[in-house]
Number of protein chains: 2
Amino acid sequence: MPPRPAPDLDSRRDLIVRTARHLAESDGWSAVTMRRLAGDLGVTQPVLYSAFPGRQALLDAVALTGFTDLAAALGAADPEPPARMRAYLRFAAEHPRLYEAMFSLPSGLAFAAEDTPEPLRRAFSGVRDAFPDEDGTRAEVAWSVLHGLATLEAGARLTPGRAQARLELAHRLLTAGPST
Amino acid sequence: MPPRPAPDLDSRRDLIVRTARHLAESDGWSAVTMRRLAGDLGVTQPVLYSAFPGRQALLDAVALTGFTDLAAALGAADPEPPARMRAYLRFAAEHPRLYEAMFSLPSGLAFAAEDTPEPLRRAFSGVRDAFPDEDGTRAEVAWSVLHGLATLEAGARLTPGRAQARLELAHRLLTAGPST
DNA sequence: CAAACATCCTAGCACTGTTATATAACGGTG
DNA sequence: CACCGTTATATAACAGTGCTAGGATGTTTG
């Protein structure tokens, strides 16, 4: 059996990440084991370790692609607050496991630090641009609302069917007075 | 070796939950294994299964005590919004792992459903009472802000040192106009 | 052609949650 | 007092986890 013609590392990493993401979205993160993942890819576990140092690094890589996609989704939306907010919540609702990897699962991704990866910065910019203010406090609060709504709704902890009303109220509050 | 004089089930469950909570708060949830937990308690693993059907049920029980405590912390605070908000965020900051079990970890706890446990209801009431409105939309948004701030701050994803400013802004926005 | 290299798979380690089995102590009955 | 069943415990095992060393296979280079 000839060993398959090793593709370069980047595209291999990409394939692994995509498969992991797909597997998580369909069966949950607990189903994303190295063995299962390797099986779905048609290889054995050690191959995964030649692409990533361990499972955590793989999850971080998946989360990173999530931030890239989120940044893209926000960037594609109208810069007006309501559109951006809708885009954020839609992204979280459409990719619940991915969003989980980005925010809920233990992660080694630095954030408000110097070595914050570019995608994270861009994703936050997508929120900040819609809620500009002098020092970024408003943007951080806006992000908190969105994140809170996204996670609580994902956990079925808010009244279903009132999502629209919550979004409208949140928008109204955030864009009401110029603060201070 | 005489078997110790089995305490009744409730107090035994309570002891296990307290130990698990303590262990998580000091070493993280990944360190809370059935073996380690049993070791800390001076018993063997199967004993834990006589008190809880499995690890998940144990974590749920821990989370439940968290909601009880959160409800108490909110109830003990001034009913005025800023005090309640401060109490909520302080609770999350002082018990990060517990808060994690309550909201971030996979959980079997029903919420916006019929069989929502009492402590969960009471905890949410602690937020709702500070932000009353006709249908509860405002309370849900308020809760989302608080939860978003709590988790993003716990993950070091917001600028440190601006927590006070964020809280003040969030309060101002939530109590600004009577909405609609 | 032969040596060196890269890649992969097999097999295994230490650990996890969970469960079946066996042992020891207690409480009540003859 | 002797017996027995219940109960609570510990021992040991199972399947599955993340991860890693060693050997076998193919490809490429001297």
Side-chain angles (χ1 to χ4, degrees), chain A residues 1-17 19-24 26-63 97 100-101 104-109, chain B residues 1-17 19-24 26-63 97 100-101 104-109:
Chain A
M1 198 182 303
R4 77 208 66 228
D8 65 320
L9 218 62
D10 283 352
S11 64
R12 194 216 296 262
R13 284 206 186 95
D14 195 62
L15 179 59
I16 293 175
V17 164
T19 308
R21 187 170 151 168
H22 186 77
L23 185 51
S26 69
D27 286 27
W29 281 111
S30 68
V32 182
T33 70
M34 299 303 262
R35 280 175 174 80
R36 170 92 187 266
L37 188 54
D40 283 19
L41 283 161
V43 297
T44 56
Q45 304 97 300
V47 174
L48 302 179
Y49 289 88
S50 68
F52 295 96
R55 193 181 117 105
Q56 185 59 59
L58 200 152
L59 297 206
D60 288 352
V62 174
R97 311 297 188 164
E100 194 183 345
S104 294
L105 262 45
S107 155
L109 265 43
Chain B
M1 196 184 304
R4 77 207 66 230
D8 64 319
L9 217 62
D10 282 351
S11 65
R12 193 218 293 265
R13 284 205 186 96
D14 195 62
L15 179 60
I16 294 176
V17 164
T19 309
R21 188 169 151 169
H22 185 77
L23 185 51
S26 69
D27 286 26
W29 282 111
S30 68
V32 183
T33 69
M34 300 302 264
R35 279 174 176 79
R36 171 94 187 266
L37 187 55
D40 283 18
L41 282 161
V43 297
T44 56
Q45 304 96 296
V47 174
L48 303 179
Y49 289 88
S50 68
F52 295 97
R55 193 181 118 104
Q56 185 58 60
L58 200 158
L59 297 206
D60 289 352
V62 174
R97 312 296 188 165
E100 194 183 345
S104 295
L105 262 45
S107 154
L109 264 45

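The sequence lines fix the lettering, A, B, ..., with proteins before strands; numbering per chain opens at 1.
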Discussion item. List the residues meeting side chain to side chain contact (heavy atoms under 4.5 Å, CB included) with B/R36, not counting sequence neighbours, and say none if there are none.
Written reply: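 If we apply the side chain to side chain contact (heavy atoms under 4.5 Å, CB included) test to B/R36, skipping adjacent residues, the hits are B/L23, B/D27, B/A31, B/T33, B/D40.
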Worksheet entry | Listed partners of B/R21 passing side-chain hydrogen bond (donor to acceptor under 3.5 Å, both in side chains), at least two apart |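 Per chain and number, B/R21 pairs via side-chain hydrogen bond (donor to acceptor under 3.5 Å, both in side chains) with B/T65, B/D69.
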Discussion item. Assess the residue pair A/R12 and A/L9 against the criterion (side-chain contact (heavy atoms from CB on, under 4.5 Å)); give the C-alpha distance rounded to whole Å, side-chain angles, the decisive distance to 0.1 Å, and a yes or no.
Written reply: CA-CA 5 Å; A/R12 194 216 296 262; A/L9 218 62; 4.2 Å; yes
Practice prompt. Would you name the heavy atoms of A/A101 and A/A63 that are closest together and state the gap between them?
Written response: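 In terms of heavy atoms, the two residues are closest at O-CB, 3.7 Å.
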Worksheet item: Which atoms form the tightest heavy-atom contact between B/W29 and B/A20, and what is the distance?
Response: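 So the two residues come closest at CZ3-O, 4.3 Å.
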Write down the distance between [atom1] ([X]) and [atom2] ([N]), rounded to a whole number of angstrom.
X: A/W29; N: D/dT17; atom1: CH2; atom2: P; value: 16 Å
X: A/L41; N: C/dC9; atom1: CG; atom2: P; value: 11 Å
X: B/R12; N: D/dA8; atom1: CZ; atom2: C1'; value: 8 Å

Discussion item. Taking the axis from the first five pairs and the axis from the last five, what angle separates them in the helix from C/dC1-D/dG30 to C/dG30-D/dC1, rounded to 10 degrees?
Written reply: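 Inter-axis angle at the ends, rounded: 30°.
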Check residues 47-61 of chain B and write down every donor-acceptor pair under 3.5 Å in which the side-chain atom is one partner and the other belongs to a residue at least two apart or another chain.
from  : atom 1 : to     : atom 2 : distance (Å)
B/S50 : OG     : B/V47  : O      : 2.5
B/R55 : NH1    : B/V32  : O      : 2.3
B/Q56 : NE2    : B/D60  : OD1    : 3.0
B/Q56 : NE2    : B/P106 : O      : 3.2
B/D60 : OD1    : B/G108 : N      : 3.3
B/D60 : OD2    : B/G108 : N      : 3.4

Worksheet item: B/L15 versus B/T19: any side-chain heavy-atom pair under 4.5 Å?
Response: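 They are in side-chain contact.
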Item to complete: Classify every nucleotide of nucleotides 10-17 of chain C by which part a protein heavy atom approaches to under 4.0 Å, writing B for the base, S for the sugar-phosphate alone and - for neither, in 5'-to-3' order.
Response: B-B---BB
